[in-house]
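Working notes, structure below.
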Amino acid sequence: MDAGPKVSQQNISQSMTLPPPACLLPIVHPGTMCYPDSDHEALLLRLNQELLRATENQESLPNPSIHISLRLSTQHNLKKEGQYLNQLKTKFHEDIQSTLNNGKPVVGRLALYVMALKSSCHDLSSVFLLTGEKSEPVLTHLKKQMELEKEYMAFSHRPLTNYYQYSLGILALCLSGVRVSSHISHKLIHAALHTHFKHGDSVSVDTLAMAGMALQCLKDAATPVKNKEELDKALATIKQKIVDSQRADGHLGNEFSTGLAVQALLAMGSNVDECATPVKALWSDARNGSYHNAMAISQILPALQQRSYLHLKNKECLNEDDTLILDAVPVVLPSVSTVRVQVALEVVKADGTSFNYQINVPSGSSLLESLVLLQQQQADFKFEKEDSLWGPFLSEVNGEQARQTDRRYWHIASDGQGLTQGIKDYKIEAAQKITIKNTGY
Ligand code: B12
């Protein structure tokens, strides 16, 4: 995530006391002033359809974030959404169940699952998870997971998972009407005031956004907290940090954090309408086809419709639209480029030893395809990946794991610049040097 020069923040109106200029007025119907209606609506439809199409992918685990986004949208395909909810209740449910049985932290996924159920107005008290012999409702498990996080924080001063997931946990409990203990909220409020949420070397705008939505939910629900002034101060700090993260091209953080950041600003009462610079940046990304990954689309689509996760709080699921249909997709045969590009790859292990490789790949190959090719050609290079909601996560290189339990990961950079996409999404278009470095965080 590269932080570019800051620009004027006039497009993110923070105060409601002065009448905002015409372009900052809240817009109820999509595409009235900044874009032609047709352009705007066609793009929304395309993104909505891409998400719906992603629900048909049987290869990966169903993703609760996709479901939430579809459910927060204005257009629906109720049959397909119902089918996806059922898949979440079986396959994703089983995945959480087995993580719980292995005693691994699961707060983020559990929170997203709860929010997905809530987005379909599902009765949360009827969904149970089993630990040992005991079967308890999902919300009870989420509360217990948050207690574990809190206890861990008491001596290590950071969550078992990360602040993004800790915030998701608070948000899911709050949206479900569960009172979040003041000890738990205090730890996030304290962190928002005194900790720098980091992702690699940059500020984690995604984490700020999730924390902002979680704390705003508590404020709106008038949840008792240890110190009300501190809650307000934390919210103001988060808002300011998000606004300060604006780059010259309008993004808040980068193209993949802007959706959550806009959601958070909307939730926190900022007037971020369709003409606001970050929203324009999102539209322009969407128009240029920057978002292929369904997880990315799921985080920006609510923002493009002026919605945030906080809209799940009072969701009623009544009289919903049912007009979203999927057009038949023309079968496009994959074409392999005849142009080949040279990639230099450096692997830097935890002890600093480095290994260098060269490989020629067809232009347009993904980094994952390039690594597979290298593995086939070089006996001394091998790698492993793990599935995640964002796709394959590089977990092991040349027999060395960079484990999250040790707070290490394989950081990936191209010509010294950290990638903003994972190994499957990042495409090699030109000759470059890829560095994969075992890094602590
Ligand atoms: C925390 C975090 C990390 C931590 C995760 C460990 C931890 N316990 O804290 C660490 C530092 C390891 C990390 C690494 C990377 N991250 Co990161 N990460 C996040 C963050 C803030 C939250 C993820 C999370 O906890 N989700 C909640 C749980 C419930 O979902 P989950 O899928 O089970 O979570 C796991 C995966 O998301 C995985 N993960 C984390 N980052 C990434 C990135 C990719 C591409 C993949 C496939 C998986 C993955 O780790 C999570 C914890 O186990 C997200 C922000 C966001 N908007 O989602 C960015 C985010 C997902 N990361 C991002 C990126 C780019 C990376 C890196 C590629 C950076 C780099 N240049 O090396 C690497 C991954 C490299 C690899 N080895 O494959 C981007 C992805 C954008 C995209 N289009 O793909 C995001 C959206 C941030 C951003 N706005 O740029 N990340």
Side-chain angles (χ1 to χ4, degrees), residues 1-3 60-61 63-66 68 92 95-96 99 104-116 145 149 158-169 171-172 197-211 213 245 251-261 263-264 285 290-300 303 347 366-368 371 383-397 401-414 416-427 434-441:
M1 254 191 273
D2 47 324
S60 49
L61 206 60
N63 182 336
S65 182
I66 293 180
I68 295 167
F92 196 74
D95 187 72
I96 292 181
T99 314
K104 290 196 185 144
V106 68
V107 75
R109 287 180 174 221
L110 195 49
L112 285 174
Y113 183 41
V114 163
M115 285 161 65
Q145 286 286 315
E149 291 273 355
R158 52 184 181 188
L160 206 48
T161 53
N162 53 48
Y163 279 113
Y164 182 94
Q165 297 194 31
Y166 192 82
S167 305
L168 259 177
L171 181 62
F197 296 140
K198 302 284 273 183
H199 182 254
D201 293 334
S202 326
V203 55
S204 179
V205 175
D206 311 70
T207 306
L208 284 168
M210 208 48 92
M213 285 190 268
S245 75
H251 291 103
L252 298 168
N254 66 15
E255 50 277 59
F256 300 104
S257 52
T258 305
L260 287 181
Q263 282 199 48
D285 293 335
S290 306
Y291 301 121
H292 303 286
N293 189 317
M295 183 66 178
I297 300 177
S298 77
Q299 295 188 339
I300 62 144
V347 174
S366 69
L367 178 55
L368 176 58
L371 296 180
F383 76 98
E384 298 285 341
K385 55 188 171 49
E386 279 169 18
D387 273 339
S388 81
L389 300 180
W390 278 93
F393 179 82
L394 183 65
S395 55
E396 192 182 308
V397 183
Q401 276 189 325
R403 285 182 311 194
Q404 295 185 23
T405 39
D406 302 330
R407 299 199 178 269
R408 302 197 72 81
Y409 75 109
W410 288 105
H411 178 264
I412 315 169
S414 165
Q417 192 72 18
L419 297 192
T420 56
Q421 287 175 296
I423 49 174
K424 191 171 172 208
D425 292 341
Y426 182 73
K427 303 282 186 282
I434 296 284
T435 310
I436 300 181
K437 187 175 179 198
N438 190 328
T439 310
Y441 63 88

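Start at 1 and go down the list; that is how both ligands and their atoms are numbered. Each residue takes its place number in the sequence, starting with 1.
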Quiz item: Of the choices P64, S388, G259, S202, which has the non-hydrogen atom that lies closest to atom 36 (C) of ligand 1?
Solution: S388
Quiz item: For ligand 1, which atoms have a heavy atom of Q299 less than 4.0 angstrom away?
Solution: 57 (N), 58 (O)
Quiz item: What do we get for Q404 next to ligand 1 when only non-hydrogen atoms under 4.0 Å count, side chain, backbone, both or neither?
Solution: side chain
Quiz item: Could you give the distance from OG (S257) to CE (M210), rounded to the nearest 0.5 Å?
Solution: 11.5 Å
Quiz item: So, do D206 and H199 sit near enough that their side-chain heavy atoms are less than 4.5 Å apart?
Solution: no
Quiz item: Going by the order shown, which atoms of ligand 1 are within less than 4.0 Å of some heavy atom of G108?
Solution: 29 (C)
Quiz item: Would you say S395's side chain and E384's backbone share a donor-acceptor pair under 3.5 angstrom?
Solution: yes
Quiz item: Where does Q165 meet ligand 1, judged by heavy-atom distances below 4.0 Å: at the side chain, the backbone, both, or neither?
Solution: side chain
Self-check item: N/O donor-acceptor pair under 3.5 Å between R408 side chain and N438 backbone
Solution: yes
Quiz item: What residues, two or more places apart in sequence or in another chain, satisfy side-chain contact (heavy atoms from CB on, under 4.5 Å) together with S414?
Solution: L419, Y426, Q432, I434
Quiz item: R403: what forms a side-chain contact (heavy atoms from CB on, under 4.5 Å) with it, not counting sequence neighbours?
Solution: Q401, T405, D406
Self-check item: Close-contact set for ligand 1 against Y441 heavy atoms, below 4.0 Å
Solution: 6 (C), 7 (C), 8 (N), 9 (O)
Quiz prompt | Exam field: side chain T258 to backbone L252, donor-acceptor pair closer than 3.5 Å | solution = yes
Quiz item: Under 4.0 angstrom from ligand 1, any heavy atom of I423?
Solution: no
Quiz item: Taking only heavy atoms of T161, which atoms of ligand 1 are found under 4.0 Å from at least one of them?
Solution: 8 (N)
Quiz prompt | Side-chain donor/acceptor of Q263 to backbone N/O of A209, under 3.5 Å | solution = no
Quiz item: Does G253 reach ligand 1, in the sense of a heavy atom lying below 4.0 Å from it?
Solution: no
Practice problem: Could you check which of W410, Y426, Y409 puts a non-hydrogen atom nearest to atom 12 (C) of ligand 1? | Solution: Y409
Self-check item: Option set M210, Q417, H199, E255, criterion heavy-atom distance to atom 16 (N) of ligand 1, minimum
Solution: H199
Self-check item: Side-chain (D387) to main-chain (S60) donor-acceptor, under 3.5 angstrom
Solution: no
Quiz item: Hey, is the main chain of K437 close enough, under 3.5 Å, to the side chain of T439 for a donor-acceptor pair?
Solution: yes
Practice problem: Could you check whether the rings of Y163 and F197 sit parallel, tilted or perpendicular, using 30° and 60° as the cut-offs? | Solution: tilted
Quiz item: Should you measure from each heavy atom of H411, which atoms of ligand 1 turn up under 4.0 Å away?
Solution: 70 (C), 71 (N), 72 (O)
Exercise. For residues L394 and L367, determine if any side-chain heavy atom of one lies less than 4.5 Å from a side-chain heavy atom of the other.
Key: no
Quiz prompt | L389 contact mode with ligand 1 (heavy-atom cut-off under 4.0 Å) | solution = both
Practice problem: Return the option from F393, W390, F383, F256 holding the heavy atom at the smallest distance from atom 37 (O) of ligand 1. | Solution: W390
Quiz item: Mind checking whether Q421 has an N or O less than 3.5 Å away from an N or O of ligand 1?
Solution: no
Quiz item: Is D425 close to ligand 1, meaning an N/O of one under 3.5 Å from an N/O of the other?
Solution: no
Exercise. Tell me which part of P392 gets within contact of ligand 1: side chain, backbone, both or neither, using heavy atoms under 4.0 Å.
Key: backbone
Self-check item: Sidechain-backbone polar pair: T161 side chain, V106 backbone, donor-acceptor under 3.5 Å
Solution: no
Practice problem: Run down the list L419, L368, D206, T405 and name the one with the heavy atom closest to atom 56 (C) of ligand 1. | Solution: D206
Quiz item: Side chains of E255 and Y291: closer than 4.5 Å at any heavy-atom pair?
Solution: yes
Quiz item: For ligand 1, is there an N or O atom under 3.5 Å from any N or O atom of L394?
Solution: yes
Exercise. Examine N254 against ligand 1 and note whether any of their N/O atoms are separated by less than 3.5 Å.
Key: yes
Exercise. Taking only heavy atoms of G422 into account, list the atoms of ligand 1 that are under 4.0 Å away from them.
Key: 45 (C), 84 (O)
Quiz item: Relative to the heavy atoms of L260, which atoms of ligand 1 are at a distance of less than 4.0 Å?
Solution: 57 (N)
Self-check item: ligand 1 atoms in contact with S257 (distance to a heavy atom under 4.0 Å)
Solution: 89 (N)
